[in-house]
Amino acid sequence: MRILLIHADRFSFRVTGETSVALSSELDKAGSEGEVGESLVVFMAAEKGDETNIGSVASQVTEEILSLALQIGTENLVIYPYAHLSSSLSSPRVAVKLLDEILTRLRSQNHLKIMRAPFGYYKAFEISCKGHPLSELAKTITPSGRTERIADDEESQAIKAEKTLESQWIIQSPEGEFAYSGPADGFSFASRPNLERLFRYEKSGSRISDKAPPHIELMRRMELVDYEPGSDQGNFRWYPKGQLMKRLAETYVSSLVTQHGGMQVETPIMYDYQHPKLNLYLQRFPARQYVLLSDEKEYFLRFAACFGQYLIQHDMQISHHHLPSKLYELTHYSFRREQSGELAGLKRLRTFTMPDLHTLAKDMEQAKEEFIAQTDLAIQCMEGFGLDFEVAIRFVRDFAEQNQSFVEEIVSRCGRPALIELWEERSFYFVAKLEFNFIDALDKAACLSTVQIDVENPQRFDITYIDDKGEKQYPFLLHASISGSIDRVLYAILESQAMRMKQGQKASFPFWLAPVQLRIIPVSEKFGEACKKILDKVPYRIDYDDRDISMGRKIRAAEREWVPYILVIGAKEVAEGCLNVRSRDGAQKKMALSELLTEIEPQMEGKPFLDLPLPQRLSRRPIFVG
RNA sequence: GCCAGCGUAGCUCAGCUGGUAGAGCUGCUGAUUUGUAAUCAGUCGGUCGGGGGUUCGAGUCCCUCCGCUGGCUCCA
C-alpha cells in the first residue's frame with residue numbers, strides 16, 4: 001500500500017461522478033462531500049500483494065498515521081482513497097477491505113476525529129499544505145517481514161480452537177501384568193517417572209528451571225555446534241565433528257526410511273506466497289514464516305516438506321495398485337520463525353533439518369497398517385540413537401472409540417504405557433498423532449518421532465488416485481518424521497549423556513556416532529612409527545595424538561572428548577605386538593588388534609560410516625572452541 | 001513478541017561505592033620424552049557486545065540496539 005500524508009490547514013472534497021468500481025455502500029459510509037480545517041490528510045492506494053496479509057498492512061499503516069499525528073499534534077484525520085499513487089493496484093475488493101480495516105483500527109483511538117472520502121468515485125478536492133518539514137510524507141508499506149503481527153491481530157481459527165479445546169488424558173499400558181487403562185490421574189507412575197514428567201508437562205505446562213539446558217555447554221565444549229550471531233537467531237554453525245554427527249544421523253534415518261519404501265525426492269525451500277493452495281494452507285497457521293521479497297514478489301520459506309510433496313503428489317498418476325505410496329525428503333532445511341523467547345539451543349531452532357515422509361493410503365485400513373509399520377520404524381530409529389522416550393498419542397475422540405484395537409496395537413508395539421490425549425473435536429488436519437517424547441535433564445519434554453493420519457490435505461491439495469472401479473478417490477495421508485528434527489536428536493543425545501554424568505557415570509556417544517572412534521596415544525615420541533602402522537589397519541575413525549605434551553594430558557583430552565577406545569602404545573606393546581585398550585567403561589585390556597575389531601563390529605551393524613573430517617594427527621588440528 | 005537476568009582475552013571467570021583492565025586454561029617459544037584425567041618456565045592475546053549520552057574521567061551510571069539464558073507464550 002502506498003500512502004501520502006499531508007498536514008493541511010484546510011481540506012475539502014466533493015463527489016463528481018462514479019467510476020467503474022463504485023459501490024453505493026461507500027457513499028453511505030463516507031458521504032458525498034466534506035470539509036475540515038487543520039488536519040492530517042492521508043491519501044492511500046492498496047497495491048497488489050497487500051491481500052496476502054491485510055492485517056499486517058493495516059496495522060502498519062495505522063501505526064504510521066498515529067505516530068505522525070502525534071508528532072504534529074493533530075487529532076483530525078482525513079482518509080482519502082487515491083488510486084493515482086500506484087501503478088500496481090490491488091483489486092477493489094481488497095482495497096475496500098483494507099480501507100475498512102484501517103478505519104476500524106483508527107476509530108478505536110477515541111480522541112481522533114475522522115473524516116473519510118468514498119472509494120470508487122471521481123472527486124474534486126482542495127487542500128492547503130502547511131509546508132513544514134513533516135507536513136509532506138510518502139510511504140510504501142508491504143506485508144513482508146511484518147507478518148508476525150497478524151498472529152497478534154487475527155489469530156487463526158485453528159490456534160484459537162486449540163486454546164479453548166477441552167481434552168481428556170488417559171494412560172494405556174500394553175497387555176501384561178501391569179496392564180492399565182484409565183484416567184492419567186489414577187495411574188501409578190512409580191515405574192515410569194519420565195511418563196509422569198511428560199504428563200505434568202503436557203497438562204500444566206508450567207516448568208520451573210533457572211538453569212540453561214546442559215546440552216548447550218556440551219555442544220560447544222565438544223566442538224560440535226555453536227551459535228552464529230552473524231545470522232538470525234536460532235541459526236547455528238556446525239563444526240567438523242558436529243557436522244559429521246549430523247551427517248551420520250541423517251544418513252542413518254534416510255536409509256531406514258528408504259528401506260521402508262520411501263522414495264526420496266527434493267523440493268524447493270521457498271514457495272510463492274500467493275499460490276492459491278498454499279495460501280489457503282498458510283491461513284491456518286499464518287504466523288511464523290520467514291518471508292522474502294524478490295522482484296516485488298513474496299516467497300515464504302517452507303516449514304516442512306509437506307508443500308513440495310503435496311504438489312508432486314497432485315501431479316502424479318496414482319492408481320490403487322501403487323498404494324501405499326511414499327515420498328520422502330530430508331529437509332535441508334526447514335524454517336520456522338519461532339518467537340525469539342521460544343528458542344532453546346538445539347532443542348528449538350529457526351532453521352533445522354528433519355526427515356519428512358508422506359504416505360498415501362487407499363483407505364483407513366491401509367492407513368492404520370502403515371501407521372503401525374511407521375511406529376515400528378520410529379522405535380527402531382530411537383534404539384539406533386540409544387534414546388529412551390515416552391509415548392504420547394493424541395486422538396479425536398470419535399476416531400479412538402471407533403478404532404480401539406488399533407489404539408491397543410500401537411501401545412503394544414511401543415511396549416510401554418502411553419499417555420493418550422482425547423480431543424472432542426478435530427481442530428488440526430489429523431485424527432491421530434503419535435509422538436515419541438524425550439524427557440530432558442530439566443524435566444522438559446521434546447517431541448522427536450511423530451506419525452499422523454491426515455484427513456484434510458488430500459482434498460485441499462487435490463491429491464487423488466484411481467480406484468479399482470476406475471473412479472477418482474481421495475487417499476488418506478500419513479505424515480511421519482521417524483526421528484524428528486536431526487538437530488533435536490543431537491540435543492536429546494547430549495542431554496541424555498548430561499544426565500548420566502550427573503549420576504556420576506561416564507558420558508558416551510553410540511560408537512557409530514562418535515566423531516573420533518579410536519585414538520592412539522604414544523607413551524613417548526619414540527613410538528610414533530609404531531602408532532602410524534596401526535592407523536592404516538583400523539577401518540574406523542581413528543586419530544593419533546602426536547602433540548608434545550604429557551601422556552596424562554593426552555588421556556585426559558581423549559576422555560573429555562568421549563573417545564570410545566584409547567590405545568596406548570609403548571615399549572611393551574611394541575615388543576609384544578598387542579594393544580593396550582582403555583575403553584569408555586574404564587576397563588583397561590590387553591588385546592590383539594583383531595580381537596578389538598571383533599568387539600567393535602557389532603556396534604556398527606546397520607549403521608552408516610563416514611570418514612574423519614579432521615587431520616588425523618592432533619598436532620595438525622586447529623581448535624574451534626576453547 | 002512480553003517480563004527478568006546476563007554479555008570483560010579463543011575458553012572459564014575476577015574487577016568494591018566511576019580514576020584508565022587482571023587470573024587460570026588454551027595458543028606460541030623453550031626445556032623435558034614421559035605408562036593411563038592437567039610436567040616446568042617464558043610469552044602473545046582485550047575498540048570491556050554495538051551505538052549514543054552524563055562526567056575532568058565510564059568496564060562501572062543512563063538511553064538505545066544486538067545477542068544469550070530463564071519465565072510467559074508457542075511448538076502446523
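Computed from a predicted model, the values in this text were never measured in an experiment. Protein chains get the first letters and strands the later ones, always in sequence-line order, with residue 1 at the start of each.
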(message) Regarding B:A38, can its base be found pairing with the side chain of A:Arg553 as donor and acceptor, where the two atoms are less than 3.5 Å apart?
(response) no
(message) Considering every strand and a 4.0 Å limit on heavy-atom distances, what is the contact class for A:Ala446: base, sugar-phosphate, or nothing?
(response) nothing
(request) For B:U39 and B:C2, measure between their P atoms and round to the nearest Å. (result) 50 Å
(request) Write down the distance between OH (A:Tyr227) and C1' (B:G67), rounded to a whole number of angstrom. (result) 10 Å
(request) Please state the C1' separation for the pair B:G52 and B:U43 - nearest whole angstrom. (result) 38 Å
(request) For the side chain of A:Gln588, starting at C-beta, report the closest nucleotide among B:U36, B:U34, B:G70. (result) B:U36
(request) Provide the Watson-Crick or G-U wobble partner of B:U39, both distances under 3.5 Å; none if there is no partner. (result) B:A31
(request) Check the distance between B:A76's P and A:Glu338's CD and give it to me in whole angstrom. (result) 9 Å
(message) Would you call the rings of A:Tyr310 and A:His358 parallel, tilted or perpendicular, taking 30° and 60° as the class edges?
(response) perpendicular
(message) Say we look at B:U55 and B:C61: how far apart would their C1' atoms be, to the nearest angstrom?
(response) 10 Å
(message) Which nucleotide wins on minimum distance to the side chain of A:Gln289, given the candidates B:C68, B:A76, B:G1?
(response) B:A76
(request) If B:C61 has a Watson-Crick or G-U wobble mate with both distances under 3.5 Å, name it; if not, just say none. (result) B:G53
(request) Report the relative orientation of the aromatic rings in A:Phe303 and A:Phe307; use parallel for angles under 30°, tilted for 30 to 60°, perpendicular for over 60°. (result) perpendicular
(message) Taking only the P atom of each, what is the distance from B:A21 to B:C48 in whole angstrom?
(response) 11 Å
(request) Among the candidates B:G35, B:U33, B:A76, find the nucleotide nearest to the side-chain atoms of A:Val568. (result) B:G35
(request) For A:Ile555 and for A:Leu442, find the nucleotide of RNA chain B with the closest heavy atom, then tell me which residue's nucleotide is more 5'. (result) A:Ile555
(message) Quick check: any donor-acceptor pair below 3.5 Å linking the side-chain of A:Arg288 to the base of B:C74?
(response) no
(message) For the P atoms, the ones on B:G59 and on B:U20, what distance do you get once it is rounded to whole angstrom?
(response) 10 Å
(request) Answer yes or no: side-chain N or O of A:Glu573 and base N or O of B:G35 forming a donor-acceptor pair under 3.5 Å. (result) yes
(request) Whole angstrom is fine here: how far is it from CG in A:Leu343 over to C1' in B:C74? (result) 11 Å
(request) Please name the residue in the list A:Leu448, A:Thr375, A:Leu377, A:Thr450 that meets the side chain to side chain contact (heavy atoms under 4.5 Å, CB included) test with A:Ile482. (result) A:Leu377
(request) Please work out whether the ring planes of A:Trp423 and A:Phe430 are parallel, tilted or perpendicular, with thresholds of 30° and 60°. (result) tilted
(request) Mind checking A:Ile521 for me? I need base, sugar-phosphate or nothing, with any heavy atom below 4.0 Å counting as a touch. (result) nothing
(request) Ignoring the backbone of A:Gln339, work out which of B:U73, B:U26, B:U34 is nearest its side chain. (result) B:U73
(request) To the nearest Å, give me how far apart CD (A:Glu202) and P (B:C74) are. (result) 13 Å
(message) Tell me whether the side-chain N/O atoms of A:Arg488 come closer than 4.0 Å to OP1 or OP2 in B:C75.
(response) no
(request) Could you check which nucleotide pairs with B:A14 in any of the strands shown, counting Watson-Crick or G-U wobble with both distances under 3.5 Å? (result) none
(request) Ignoring the backbone of A:Glu525, work out which of B:G35, B:U33, B:U73 is nearest its side chain. (result) B:U33
(request) Salt-bridge test for A:Glu370 and A:Lys326: reply yes if a basic N is under 4.0 Å from a carboxylate O, no otherwise. (result) yes
(request) Once you apply the 3.5 Å cut-off to both distances, tell me the Watson-Crick or G-U wobble partner of B:A9, or none. (result) none
(request) Write down the atom of A:Ser231, the atom of A:Asn235, and the distance for their closest heavy-atom approach. (result) OG-CB, 3.2 Å
(message) On the six-membered ring of A:Trp562, is A:Lys506 placed so that its NZ or CZ lies under 6.0 angstrom from the centre and within 45° of the ring axis?
(response) no
(message) Under 3.5 Å for both donor-acceptor distances, Watson-Crick or wobble: does B:U20 have a partner, and if so which one?
(response) none
(message) Please compare A:Arg350 and A:Gly626 by the position of their nearest nucleotide in RNA chain B and report the one closer to 5'.
(response) A:Arg350
(message) From C-beta outward on A:Phe303, which listed nucleotide comes closest to its side chain: B:U69, B:A76, B:U12?
(response) B:A76
(request) Measure from the side-chain heavy atoms of A:Gln233 and tell me the nearest of B:U69, B:C11, B:G67. (result) B:G67
(message) Looking at B:U39, I'd like to know if its phosphate oxygens (OP1 or OP2) sit under 4.0 Å from a side-chain N or O belonging to A:Ser550.
(response) yes
(request) For B:G19 and B:C13, measure between their P atoms and round to the nearest Å. (result) 24 Å
(message) Using a heavy-atom cut-off of 4.0 Å across all strands, would you classify A:Gly570 as base, sugar-phosphate, or nothing?
(response) base
(message) Students often get this wrong, so: under 4.0 angstrom with heavy atoms, is A:Arg220 touching a base, only sugar-phosphate, or nothing?
(response) sugar-phosphate
(request) For the residue pair A:Phe352 and A:Arg488, establish whether any side-chain heavy-atom pair is separated by less than 4.5 Å. (result) no
(message) On the nucleotide B:G71, are OP1 or OP2 found under 4.0 Å from the side-chain N or O atoms that A:Lys211 carries?
(response) no
(request) Anything under 30° is parallel, anything over 60° is perpendicular, the rest tilted; go ahead and classify A:Phe624 against A:Tyr239. (result) tilted
(request) Using the C1' atoms only, state how far B:C25 lies from B:U64, rounded to an integer number of Å. (result) 36 Å
(request) Side chain of A:Lys444 only, please: which of B:U26, B:A38, B:G70 is the nearest? (result) B:G70
(request) Using the P atom on both, measure B:G10 against B:G49 and round to a whole Å. (result) 12 Å
(message) Of the options B:A76, B:C74, B:U33, whose atoms approach the side-chain atoms of A:Ser524 most closely?
(response) B:U33
(message) From the set B:U12, B:G70, B:A37, return the single nucleotide nearest to any side-chain atom of A:Arg556.
(response) B:A37
(request) Calculate the interatomic distance between A:Arg336 atom CZ and B:C74 atom P; express it in whole Å. (result) 16 Å
(request) Report the distance from atom NZ of A:Lys347 to atom C1' of B:C68, rounded to the nearest whole Å. (result) 16 Å
(message) When you measure from the side-chain N and O atoms of A:Lys526 to the phosphate of B:U34, is any distance below 4.0 Å, counting only OP1 and OP2?
(response) yes
(message) Side-chain N or O of A:Lys506 versus OP1/OP2 of B:A37: is the shortest distance under 4.0 Å?
(response) no
(request) Rounded to the nearest angstrom, tell me the gap between atom CZ in A:Arg547 and atom C1' in B:U34. (result) 15 Å
(message) Give me the atom names and distance for the closest heavy-atom approach of A:Pro522 to A:Cys531.
(response) CB-SG, 3.7 Å
(message) B:A37, OP1 or OP2 - any side-chain N/O from A:Arg582 closer than 4.0 Å?
(response) yes
(request) Report the base-pairing partner of B:C44 (Watson-Crick or G-U wobble, both distances below 3.5 angstrom), or none. (result) none
(request) Let me know the distance between CG of A:Asp585 and P of B:U36, rounded to the nearest Å. (result) 18 Å
